[in-house]
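Quick note on labels: first sequence line is chain A, next is B, and so on, each numbered from 1.
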2 protein chains.
Amino acid sequence: MLSLTEENYLKAIYHLSNDGTKGVTTNMLADQLSMRAASVTDMIKKLATKDVISYEKYKGVNITPAGKKIALYIIRKHRLWEVFLVDKLKFQWDEVHDIAEQLEHIKSELLIKRLDEFLDYPSVDPHGDPIPDEHGELAVAKKLQIAECLPGQLMQVIAVDNSDAQFLKHLDRIGIYLGAKVKVLETVEFDGSVEIEIDRRPSVYISKQTAENILVTEK
Amino acid sequence: MLSLTEENYLKAIYHLSNDGTKGVTTNMLADQLSMRAASVTDMIKKLATKDVISYEKYKGVNITPAGKKIALYIIRKHRLWEVFLVDKLKFQWDEVHDIAEQLEHIKSELLIKRLDEFLDYPSVDPHGDPIPDEHGELAVAKKLQIAECLPGQLMQVIAVDNSDAQFLKHLDRIGIYLGAKVKVLETVEFDGSVEIEIDRRPSVYISKQTAENILVTEK
DNA sequence: AAATTAATTTAGATTTAACTAAAAATATTT
DNA sequence: AAATATTTTTAGTTAAATCTAAATTAATTT
């Protein structure tokens, strides 16, 4: 059983690992947790003895499968509580983080099972981030091109399939960025262009070619 | 701002104070908290410097008005969470204590405001204990004689109005004690006697005189 | 490749909240 | 009221989680 502090370190390690980095450094963690490097060194030694991370002096840490499972359960709890706060208690999505940071450490498996049921098994939190399931599995978001979406669907931009500077500049101009919420309004039969609404602003048309190069996932 | 540990001490002091004791002793607290007396001495010194209790060596402690307000707010949070767990998450009333012990320490005034609203401003928790209001006021339970109750009401014994040994012995024999749950079934017109059910056991009749001397409150 | 800079670890200190053992104060019994 | 027992406090330790300062290792520059 991990202490609250250990849980927070593990969560930070998980998040940093997922940002592409393999081998999370002491300084990255110190930074993320607003703590001194020396304190981090102490704690990662402790976490390593608990087999939730692997650690080699001066080489940074990597999360183990056991550690990942624990981290994902904490994230599951965090995101379920965020859904509760927004859906049931009428908080704004940007007000809930600090409260969920506290609630995620409450210990009771039954509580989380019942909360999940009460919220009708949500698959994403209010920020659009996926909620790991009971077994610590993250549903892999199905990637779709905007061109493939059905009218009416609310999607979130997760990637682009083209790194051409002209293309990226175009996206920027129409207001599309990673994480933007896009509602598909209509597909034009004639030329395959698509009418979309970005972040609830007035709708715009994008060409078929553009719509094929923006990857989204169900929100 | 009190630490989680300090909050737990303060709550224990509040509860012990309310059991009639004025001057909560070190050993009572050690007992209640499953802690050694020496540890308690350390902590009460600390709480005294924070002006939430008053303390004189070897004389025990008393809660201050400031301390009482904080204790009541913790109790408010505890009881609101219990209502949430039972009413919304379908827990049994006897399963919720440990979880509420954790939830009561979550820090966010807005959260508790919203939770209160979501639960439709309950006045008692699932054990029938009153929930302090935002200002730390406990609704004073209205005392009634059993003789005055309407049939169907579920009440809880809070006092007796007679300290005659014979009377108390009679109460003991029929199974009435402070805290007992009493359901009033019927009042007999003829002689004013009352049929009641005590703690869900088979019903008994008590005389008008007995019914006038047992004070209960709405459960 | 030597020198310099940056990152990391070690060593030792601090704070919080616990503990044990011994001393001191208070309460109870004879 | 002395003796005994109980309660409470003091003194000194321990463990967790932090810190600073110094030492060590790794990375970068010249």
Side-chain angles (χ1 to χ4, degrees), chain A residues 1-14 16-17 19-63 67 70-71 74 101-102 104-105 107, chain B residues 1-14 16-17 19-63 67 70-71 74 101-102 104-105 107:
Chain A
M1 177 91 17
L2 301 186
S3 72
L4 188 147
T5 312
E6 289 168 339
E7 286 194 352
N8 282 332
Y9 271 87
L10 190 61
K11 201 167 43 119
I13 292 166
Y14 174 85
L16 290 171
S17 301
D19 294 352
T21 333
K22 49 151 198 333
V24 176
T25 69
T26 303
N27 264 2
M28 283 163 69
L29 273 169
D31 232 63
Q32 177 83 25
L33 295 162
S34 303
M35 215 148 276
R36 296 318 181 101
S39 313
V40 171
T41 300
D42 284 347
M43 181 56 87
I44 63 189
K45 279 184 193 163
K46 183 147 62 120
L47 289 176
T49 71
K50 297 195 173 190
D51 296 322
V52 295
I53 60 174
S54 61
Y55 164 57
E56 220 186 315
K57 262 196 198 178
Y58 296 105
K59 297 282 173 59
V61 303
N62 286 285
I63 198 160
I70 295 171
I74 301 168
E101 283 292 281
Q102 299 178 64
E104 74 190 6
H105 300 291
K107 282 176 171 50
Chain B
M1 177 93 14
L2 302 187
S3 71
L4 188 146
T5 312
E6 290 167 338
E7 287 194 353
N8 282 331
Y9 271 88
L10 190 62
K11 199 166 46 119
I13 293 166
Y14 174 84
L16 291 170
S17 301
D19 295 352
T21 334
K22 52 155 195 330
V24 176
T25 69
T26 302
N27 265 1
M28 283 164 68
L29 272 169
D31 233 63
Q32 177 84 25
L33 295 163
S34 303
M35 218 148 272
R36 297 317 182 100
S39 312
V40 171
T41 300
D42 284 348
M43 181 55 87
I44 63 190
K45 279 183 193 164
K46 185 148 59 120
L47 289 176
T49 70
K50 296 194 173 189
D51 296 320
V52 294
I53 60 175
S54 61
Y55 164 57
E56 219 186 315
K57 261 195 198 178
Y58 297 104
K59 298 280 172 62
V61 303
N62 287 284
I63 198 161
I70 295 170
I74 301 168
E101 283 292 282
Q102 299 178 63
E104 74 189 8
H105 300 290
K107 282 178 172 50

Original post:
With sequence neighbours excluded, what pairs up with B/Lys45 under the salt bridge (Lys or Arg N to Asp or Glu O under 4.0 Å) test?
Top reply: none
Original post:
Of all residues at least two apart in sequence or in a different chain, which pass the salt bridge (Lys or Arg N to Asp or Glu O under 4.0 Å) check with B/Lys59?
Top reply: B/Glu56
Protein-nucleotide distance ([X], atom [atom1]; [N], atom [atom2]), rounded to Å:
| X | N | atom1 | atom2 | value |
| --- | --- | --- | --- | --- |
| A/Leu4 | D/dT18 | CG | C1' | 15 Å |
| B/Met35 | C/dC19 | CE | C1' | 10 Å |
| A/Asn8 | D/dT18 | CG | C1' | 14 Å |
| B/Asp31 | D/dT8 | CG | C1' | 14 Å |

Original post:
How does protein reach along nucleotides 1-14 of chain C, written 5' to 3' as B (base within reach of a heavy atom under 4.0 Å), S (only sugar-phosphate), or - (no contact)?
Top reply: ------SSBB----
**OP:** Identify, with sequence neighbours excluded, every residue that meets side-chain hydrogen bond (donor to acceptor under 3.5 Å, both in side chains) alongside A/Tyr55.
**Re:** none
Original post:
Got B/Lys107 and B/Met1 here, is their nearest side-chain heavy-atom distance under 4.5 Å?
Top reply: yes
Original post:
Is the distance from OP1 or OP2 of D/dT18 to the nearest side-chain N or O of A/Arg36 less than 4.0 Å?
Top reply: no
Subject >> With B/Asn27 via side-chain contact (heavy atoms from CB on, under 4.5 Å) - residues at least two apart >> reply: B/Thr25, B/Ala37
Subject >> side-chain contact (heavy atoms from CB on, under 4.5 Å) partners for B/Gln32, two or more places apart >> reply: B/Ala12, B/Leu16
